[in-house]
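If you're wondering where the values come from, they're calculated on a predicted model, not measured in any experiment. Atoms within a ligand are numbered from 1 in the order they appear, just like the ligands themselves.
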Amino acid sequence: MDLTELPVNIAIIGGGFCGIVTAVHLLRHNKTGIHLHIINKGPAFGKGVAYDPHTCSLLLNVPNGRMSAFADKPDDFIDWLNANYPNQDNSPTTFSTRRQYGEYLLETWNEALNNIPLCNSVTVYDDLADNITEIDDVLQIHLRQHPAIIADAVILATGNAKPRVPNGIHPSFTKSKHYFADPWKSPCITNTTDSDVLIIGNGLTTADTIIGLVENGYQQTIHSVSPHGYRLNPWVDDKAPYTAYSFSGLPSERISLYQLLKTFNKHRRIANNSGQSIYPLIDSLRPHIQRIWLHFTTREKQQFIRHLKPYWEKVRHRLPVDMHQKIDVLRKSGLFQPCKGSIISVKELNGVCEVVLNCSGELKTIRVSRIINCTGPDPDITRQGNALLNNLVQKETIIQGPCGMGINADHKTGRVIAAGNFHKTNLYVIGSNLKGVLWESTAVPELRVQAQNIAEVIINGIEVRRRHVVETA
Ligand SMILES: Cc1cc2nc3c(=O)[nH]c(=O)nc-3n(C[C@H](O)[C@H](O)[C@H](O)COP(=O)(O)OP(=O)(O)OC[C@H]3O[C@@H](n4cnc5c(N)ncnc54)[C@H](O)[C@@H]3O)c2cc1C
C-alpha cells in the first residue's frame, strides 16, 4: 500500500512567525504526503505585527545572532543578511530592522513552497477561523468566507493579541476617535494634529510608537503613563559586565522562588556595589526560565507575577542602543515626558481630551489629541476579542493556562489540555498563548524550538497512524 494515498490534513490557524515556521518544518520533513491548510487574517502573511512594522527604522529587539528561524541552523538569518544586505554590519551582536526580518521570513516561506516534496500540498486562506467542531477523531474548522475545512490536526498559532483596555479608560471611551487601541497599526502614528499625545505603557511598544510618531514628523510633546514609570533600558549598558556568577550551570532540579531570589539578589548587590552591569546575570538566567517556571508552585507563579514581573520585564526586554539613544534625546529635551503613575480621568472637550494623571502622587492635567494603548499583548484569551478562542473556551475545548494566561497545554508537545485534564491528540497551541505554561514564550529563540517540536510530534503521529492503518488493512 502506498502510504501517500492516506491523506492527512493539517490546519494552522495564524500565518505569523509561528504558523509559517511550523509549516516549513512540516513540509520539509514529512515525506509521506500531507495537505497543509494555513488560515490567516490580519497583518501581512508570514510577518505578523512584529515584522511588518509601521516605521521602517524599527529594529529587532533580539540581536541578529539569535534570530535564525531555525534552532538547528543558527546562522540562517545572518547568512541571509550577508546575501541580501552585504553592505551593512550583519554581526551576531547587531540588530537589523524588523522589516528586513519580515523579508527573510517571507523568502524562507517561498523557498519552502518551491521545494515542497511532490506528495505534499499547501492552501493558504485569507480568512478568519471562527470555530472548531469535533467529529469523531477529526476537527472541522469553520471559516468566515470559505467552506469548512476538515483536519486531522489543528495548530492554534493565533499570536499577539491587542492590548487590554487599561485602568483609567472607561469602556465607552474605547469607541472615541481619540483612542487608539491597536498600537501596531499605522493610524496611531499618522495624521497627527498639533496637540500632545498620551501613550499608556512604558515598554518596547511605547518606544516603537514614539519613534514612529517622530519619524512621521510629529513635533509636539509625547506623554506616557504607567505604574512603574520610565523603564526602557539599552541592550548593553556602559558599565563593566558582572561575570563573577552565571546561572548557566543551574542544576536541573527544582529551584524555589525564594532560592532564586536569594541567589539573584546576592549577586545583584555585589554587582551594584562594584558598579558592574547585571545584564550578564539576567541573560544567563533567560535560557532556564521556562524550566524554572514549570517547577514553580502556583503560589510562586502568582508571587512572581505580582512582585517581580515589572522588574523582570524591565531588565529582560531591552532596546537596541540606537533606539534607546533616540528616546533618551527626546526625554532629555522634554519632548517625551514619562509619568510614573496612573490615569485619574479622561474627558473629551472641544476636540481634545483632558486627562488628569496622578504622577507619583502629584496631579497633572494634560490636553491630548490621542491616547495610544501600548500596554502590550493581552495574555488573557477571554479578552483577546478572538471569536475562535471565545468559542473554544465556551465549549471547554480549550481552557486558560496557569495564572489565567494563554491556553492550557502540555509544555513538551504543545498539545492542548482541555477541561478535566483531557489531553487532546489533535489540537496544538504555539506561541504567546503558551505564556501561562512556559512564562517566556514570546521571542524567536523560544518560538522556533516550539515550531520544530510541534512539527516533529505531528509527523511522528502521522507515521504511527499510517503504520497502524497499513498493519490492520
Ligand atoms: C511589535 C512587536 C515586535 C517584536 N519584535 C521581536 C523581535 O525583534 N525579536 C523577537 O524575537 N520577538 C519579537 N517579538 C515577539 C513576537 O511575538 C514573535 O517574534 C513572533 O512574531 C510571534 O509570531 P506569532 O506567529 O506567534 O504571532 P503573530 O505574528 O501575531 O501572528 C498570528 C497571526 O494569526 C492571525 N490570527 C489570529 N487569530 C486568527 C483567526 N481566528 N483566524 C485567522 N487568523 C488569525 C493574526 O491576525 C496574525 O496574523 C515582537 C512582538 C511584537 C508585538
**Prompt:** N/O of A129 under 3.5 Å from N/O of ligand 1, yes or no?
**Reply:** yes
**Asked** Considering distance alone, does some N or O of C18 sit under 3.5 Å from an N or O of ligand 1?
**Response** yes
**Prompt:** For the side chain to side chain contact (heavy atoms under 4.5 Å, CB included) test, which of I12, V429, L427 pairs with I155?
**Reply:** I12
**Asked** Strictly under 4.0 Å, does any heavy atom of Y51 approach an atom of ligand 1?
**Response** yes
**Prompt:** What residue and atom, counting heavy atoms only, is the protein's closest point to atom 49 (O) of ligand 1, and at what distance?
**Reply:** N40 OD1, 2.8 Å
**Asked** Under a heavy-atom criterion of less than 4.0 Å, does S432 contact ligand 1?
**Response** no
**Request:** Could you point out which residue of N202, T206, T209 forms a side chain to side chain donor-acceptor pair (under 3.5 Å) with S224?
**Result:** N202
**Asked** Just heavy atoms, cut-off under 4.0 Å: does R98 contact ligand 1 by side chain, backbone, both, or neither?
**Response** side chain
**Item:** Presence of salt bridge, R99 and D52, under 4.0 angstrom
**Value:** no
**Fill in**
So for P377 against ligand 1, with non-hydrogen atoms under 4.0 Å, the contacting part is neither
**Request:** Under 4.0 Å, heavy atoms only, figure out whether ligand 1 is touched by the backbone of W184, its side chain, both or neither.
**Result:** side chain
**Message:** Quick check: do L319 and N61 have side-chain heavy atoms less than 4.5 Å from each other?
**Reply:** no
**Fill in**
for atom 38 (N) of ligand 1, nearest protein heavy atom and its distance come out as N386 ND2, 2.9 Å
**Item:** Validation row: T97, L60 side chains within 4.5 angstrom (heavy atoms)
**Value:** no
**Request:** Using the ring-ring contact (aromatic ring centres under 6.0 Å, His included) rule, take F296 and W439 through it: C-alpha gap first, then chi angles, then the decisive distance, then the call.
**Result:** CA-CA 11 Å; F296 275 171; W439 179 251; 9.6 Å; no
**Candidate pair H295 and I255, rule side chain to side chain contact (heavy atoms under 4.5 Å, CB included), full reasoning** = CA-CA 7 Å; H295 286 110; I255 171 163; over 6 Å; no
**Complete:** protein heavy-atom neighbour closest to atom 37 (C) of ligand 1 works out as T158 O, 3.3 Å
**Prompt:** To which protein heavy atom is atom 7 (C) of ligand 1 closest, and what is the distance rounded to 0.1 Å?
**Reply:** N61 OD1, 3.1 Å
**Asked** Hey, mind stepping through D328 and H324 against side chain to side chain contact (heavy atoms under 4.5 Å, CB included) and telling me if it holds?
**Response** CA-CA 6 Å; D328 229 28; H324 186 264; 4.2 Å; yes
**Complete:** ligand 1 atoms nearer than 4.0 angstrom to some heavy atom of L447 are 18 (C), 20 (C), 22 (C)
**Prompt:** Below 4.0 Å from any atom of ligand 1, is there a heavy atom belonging to D127?
**Reply:** yes
**Asked** With atoms numbered from 1 as shown, which atoms in ligand 1 lie under 4.0 angstrom from a non-hydrogen atom of G48?
**Response** 29 (O)
**Prompt:** Taking N or O atoms only and a 3.5 Å limit, does L388 qualify as a polar contact for ligand 1?
**Reply:** no
**Asked** Do L128 and ligand 1 have an N or O pair less than 3.5 Å apart?
**Response** no
**Asked** Against heavy atoms of A157, which atoms of ligand 1 measure under 4.0 Å?
**Response** 32 (C), 34 (O)
**Request:** Could you list which atoms of ligand 1 come closer than 4.0 Å to a heavy atom of G42?
**Result:** 47 (O)
**Message:** Just to be sure I read this right, does ligand 1 sit under 4.0 Å from the backbone of L60, its side chain, both, or neither, counting only heavy atoms?
**Reply:** both
**Prompt:** Which residue owns the protein heavy atom closest to atom 34 (O) of ligand 1, what's the atom, and how far is it?
**Reply:** G14 CA, 3.1 Å
**Request:** Just let me know how I430 lines up against ligand 1, side chain, backbone, both or neither, with a heavy-atom cut-off below 4.0 Å.
**Result:** neither
**Message:** Is any side-chain heavy atom of Y104 closer than 4.5 Å to one of S96?
**Reply:** no
**Message:** Under 4.0 Å, heavy-atom basis, I'd like to know which part of D130 is in contact with ligand 1: side chain, backbone, both or neither.
**Reply:** neither
**Asked** Is the shortest distance from a heavy atom of M67 to ligand 1 less than 4.0 Å?
**Response** yes
**Request:** In plain terms, say whether R286 and D283 are close enough for a salt bridge, that is, a side-chain N and a carboxylate O under 4.0 Å apart.
**Result:** no
**Message:** Quick check on contacts: which atoms of ligand 1 are under 4.0 angstrom from a heavy atom of I13?
**Reply:** 40 (C), 42 (N)
**Request:** For residues I78 and P92, determine if any side-chain heavy atom of one lies less than 4.5 Å from a side-chain heavy atom of the other.
**Result:** yes
**Message:** Does any N or O of ligand 1 fall below 3.5 Å from an N or O anywhere on K41, backbone included?
**Reply:** yes
**Face-on cation placement of R370 at Y179 ring, 6.0 Å and 45° thresholds** = no
**Request:** Quick one: look up the protein heavy atom nearest atom 15 (C) of ligand 1 and list residue, atom name and how far away it is.
**Result:** T442 O, 3.1 Å
**Request:** Decide, yes or no, whether a salt bridge links R383 with D378 under the criterion of side-chain N to carboxylate O below 4.0 Å.
**Result:** yes
**Prompt:** Can you find a heavy atom in the side chain of I141 that is under 4.5 Å from one in the side chain of H37?
**Reply:** no
**Item:** Check ion pair E134-K395 (N to O, under 4.0 angstrom)
**Value:** no
**Nearest neighbour in protein (non-hydrogen) for atom 17 (O) of ligand 1** = N160 ND2, 3.1 Å
**Request:** Name the orientation class of the two ring planes belonging to W235 and F95 (parallel below 30°, tilted from 30 to 60°, perpendicular beyond 60°).
**Result:** perpendicular
**Fill in**
Of all protein heavy atoms, the one nearest atom 52 (C) of ligand 1 is A50 CB, 3.7 Å
**Complete:** Going by the 4.0 angstrom heavy-atom rule, the piece of L389 near ligand 1 is neither
**Asked** Has R331 got its NZ or CZ under 6.0 Å from the middle of the six-membered ring of F336, at an angle within 45 degrees of the ring axis?
**Response** no
